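Note that the structure is predicted; figures quoted are calculated from it, not measured. All values below come from the heavy atoms of this structure, side chains included, with hydrogens, waters and symmetry mates left out.
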Amino acid sequence: MKSNKAIFILFLLLGFAIFSNSLNGDFIHDDLIVLSHSFFSEPKKIFNFFSEPYFEDFHQAGLYRPLTQISFAVNFLVGSSPLNFHLTNVLLHIINSFLIFLFLKRLTGKHNLPIIAALLFLVLPIHVEAVASIVGRAELLSFLFGILTLLLWFDLRYIFSAIILLLALLSKESAVAVIALIFLFNRHYKRNWNFLFWHLGALTVYFALRIAVLGRHAFYPKVEFIFNPLAYVSFFERFFTSLKILVLYIFKIFAPYRLSADYSYDQIPIVTNLFSSPLALMGLAFLCLMVWVGYRIFWIRGYSVLDWVLLFFFLPYLVISNLFFPTGTIMAERLMYFPSLGVLMVPAVFIEQLFKASRQLSLAILLILLAVYGFITVSQNRVWVSREALLADIFKKSPDSVVAKTEYGIL
């Protein structure tokens with residue numbers, strides 16, 4: 001217990017050291033749309049968000065995240081300064097990183113591997129959009145409740161696990177991936193299926209609320225062409241382009257080069273021929289590998305590195321991938337908040353194994369990674385401080401995006 005407290009203090013200090021320069025950011029980008037809801041000025045209506053779509057009077061977007069909206073309402077009760085919104089996001093990210101440590105420690109019975117993975121998650125540059133952007137709160141909350149759902153499930157506390165799952169879903173719809181994770185864990189540990197009654201019950205309550213508020217848009221949202229042109233091309237063009245984007249995501253997690261807040265229309269060319277895109281072919285190979293690992297994990301006990309990638313990267317990624325159905329955006333770095341954990345398990349396992357052979361070398365590699373990623377994260381935080389800084393950076397990093405050109409031209 002004392003060890004856990006010391007580790008949490010370490011995470012707290014490191015987290016604020018890395019993200020402190022994001023605390024003075026303004027309300028910018030999507031913050032201005034989401035936080036303009038009229039209910040935020042009426043504290044008595046805080047629970048009315050359960051009957052409202054995420055974007056006020058715009059059911060067509062198909063977004064229902066009342067718990068995230070309630071968290072914003074609580075921030076407004078404290079004060080209208082952006083500081084307390086940003087402070088909440090940073091604290092949530094630190095807590096999430098610590099929960100990763102607790103969860104992996106519970107799952108593996110190890111100590112070094114969980115702390116390595118959690119530290120890398122804490123400083124990872126691709127998480128800047130989810131943490132420094134106030135509306136990234138949806139990613140932070142759904143992850144928080146998703147990990148708590150898994151922890152409670154492991155402790156056989158199925159009722160509480162199901163309740164927390166409902167909170168995850170009410171924070172962001174992509175939390176449905178947690179059901180798939182629990183299903184695979186249950187198959188691996190050969191438990192009975194009693195939990196299904198409670199967890200499917202939570203899923204039923206969520207979809208009942210979602211349908212009641214969004215109507216037909218609960219399953220058929222209106223996708224804007226400018227933000228996701230993949231919704232307006234053929235199935236194979238969408239599939240091939242999504243395979244390419246899959247590889248781009250993995251690359252940006254490991255090597256965070258030219259991180260951008262915008263990848264909308266014309267920034268990512270549509271792949272019309274699979275064999276004309278090396279990245280799409282790499283994505284197809286990765287997809288086949290994950291299908292094979294998914295089949296294998298049903299029959300072999302114990303976790304290899306590939307099993308980690310499947311469980312914590314690919315399953316959450318499928319929900320936002322555009323591989324089988326179009327989502328609201330073609331690509332966004334904030335969407336990698338949950339999936340990045342699976343990819344991080346690769347260097348985490350490598351460093352943990354190296355630790356057995358050479359402590360000094362493994363610690364040196366870990367410290368170098370933390371320093372490099374931390375430096376990039378601190379630099380990227382500055383992008384989200386003001387509208388001017390963000391739009392200038394988007395235009396620089398995504399020069400072909402019609403949105404980037406238009407917004408920067410207006411600026």
Side-chain angles (χ1 to χ4, degrees), residues 4 7-8 11-12 14-16 18-19 22 34 49 54 63-75 84-107 114-115 117-124 126-155 157 159-182 185 199 202-203 206 311-313 315-317 319-320 333-342 344:
N4 289 348
I7 290 171
F8 180 73
F11 279 37
L12 201 63
L14 182 58
F16 273 106
I18 297 295
F19 286 98
S22 71
V34 174
F49 283 114
Y54 191 54
L63 299 181
Y64 179 64
R65 303 169 185 175
L67 202 61
T68 299
Q69 289 172 303
I70 289 173
S71 76
F72 293 143
V74 172
N75 279 131
N84 80 84
F85 289 82
H86 286 296
L87 183 61
T88 302
N89 276 22
V90 173
L91 283 171
L92 284 171
H93 180 55
I94 293 170
I95 292 169
N96 285 343
S97 302
F98 182 67
L99 285 176
I100 288 173
F101 165 72
L102 295 181
F103 173 69
L104 293 178
K105 187 177 179 181
R106 171 72 175 80
L107 185 63
I115 196 168
L119 283 171
L120 291 174
F121 186 89
L122 179 64
V123 305
L124 199 66
I126 204 170
H127 291 163
V128 168
E129 182 175 354
V131 180
S133 168
I134 291 170
V135 296
R137 179 83 56 85
E139 308 294 338
L140 304 175
L141 286 176
S142 64
F143 185 91
L144 170 72
F145 293 123
I147 289 293
L148 286 174
T149 297
L150 293 172
L151 277 167
L152 290 166
W153 181 87
F154 271 103
D155 290 336
R157 301 171 71 178
I159 297 177
F160 291 106
S161 176
I163 292 171
I164 301 300
L165 172 63
L166 179 59
L167 298 182
L169 291 165
L170 293 173
S171 300
K172 190 179 180 185
E173 47 282 336
S174 57
V176 294
V178 177
I179 287 286
L181 288 171
I182 290 176
F185 280 130
H199 289 76
L203 205 60
Y206 167 71
L311 289 168
F312 296 111
F313 172 78
L315 289 180
Y317 175 75
V319 181
I320 53 90
E333 290 164 9
R334 66 183 179 275
L335 303 181
M336 285 297 100
Y337 192 78
F338 198 141
S340 64
L341 176 58
L344 287 178

Rounded to the nearest 0.5 Å, what's the gap from [atom1] on [X] to [atom2] on [Y]? Could you check?
X	Y	atom1	atom2	result
K172	I320	NZ	CD1	7.5 Å
S161	L166	OG	CG	11.5 Å
E129	M336	CD	CE	11.0 Å
L150	L311	CG	CG	10.0 Å
L169	I179	CG	CD1	7.5 Å
L181	I147	CG	CD1	8.5 Å

Smallest separation among heavy atoms of [X] and [Y], with atom names:
X	Y	answer
L122	L14	CD2-CD2, 3.8 Å
I164	L148	CG2-CB, 3.8 Å
L315	A177	O-CB, 3.9 Å
Y206	E173	OH-CB, 3.3 Å
S71	L141	OG-CD1, 3.8 Å
H93	F19	CD2-CE1, 3.4 Å

Mark yes or no for whether [X], through its side chain, and [Y], through its backbone, hold a donor-acceptor pair below 3.5 Å.
X	Y	result
S133	A130	no
S171	T68	no
S142	A168	no
R65	A138	no
N89	A132	no

Aromatic ring proximity, centroids under 6.0 angstrom, F103 and F312: yes
Pair F121 + Y337: ring centers closer than 6.0 Å: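 Judged by ring-centre distance (under 6.0 Å), F121 and Y337 do meet the cut-off.
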Residue among L91, V90, L92 satisfying side chain to side chain contact (heavy atoms under 4.5 Å, CB included) with T88: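 The passing option is L92.
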Partner set under side chain to side chain donor-acceptor pair (under 3.5 Å) for H86, not counting sequence neighbours: none
Chi angles and distances behind the side-chain contact (heavy atoms from CB on, under 4.5 Å) call for K105, I115: CA-CA 8 Å; K105 187 177 179 181; I115 196 168; over 6 Å; no
Check: [Y] and [X] side chains under 4.5 Å, non-hydrogen atoms:
X	Y	answer
R137	N75	yes
F143	L99	no
I95	L144	yes
L12	F16	yes
F101	L104	no

Heavy-atom neighbours of F160 CZ exceed 12 at 6.0 Å: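 12 or below, so no.
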Non-neighbouring partners of V34 that pass side chain to side chain contact (heavy atoms under 4.5 Å, CB included), sequence neighbours left out: Y54, F55, F72, V135
Verdict with supporting geometry, L119 and F11, side-chain contact (heavy atoms from CB on, under 4.5 Å): CA-CA 7 Å; L119 283 171; F11 279 37; 3.6 Å; yes
Residues R106, D155; criterion side-chain contact (heavy atoms from CB on, under 4.5 Å); working and verdict: CA-CA 9 Å; R106 171 72 175 80; D155 290 336; 3.2 Å; yes
Trace of the side-chain contact (heavy atoms from CB on, under 4.5 Å) decision for F145 with L170: CA-CA 10 Å; F145 293 123; L170 293 173; over 6 Å; no
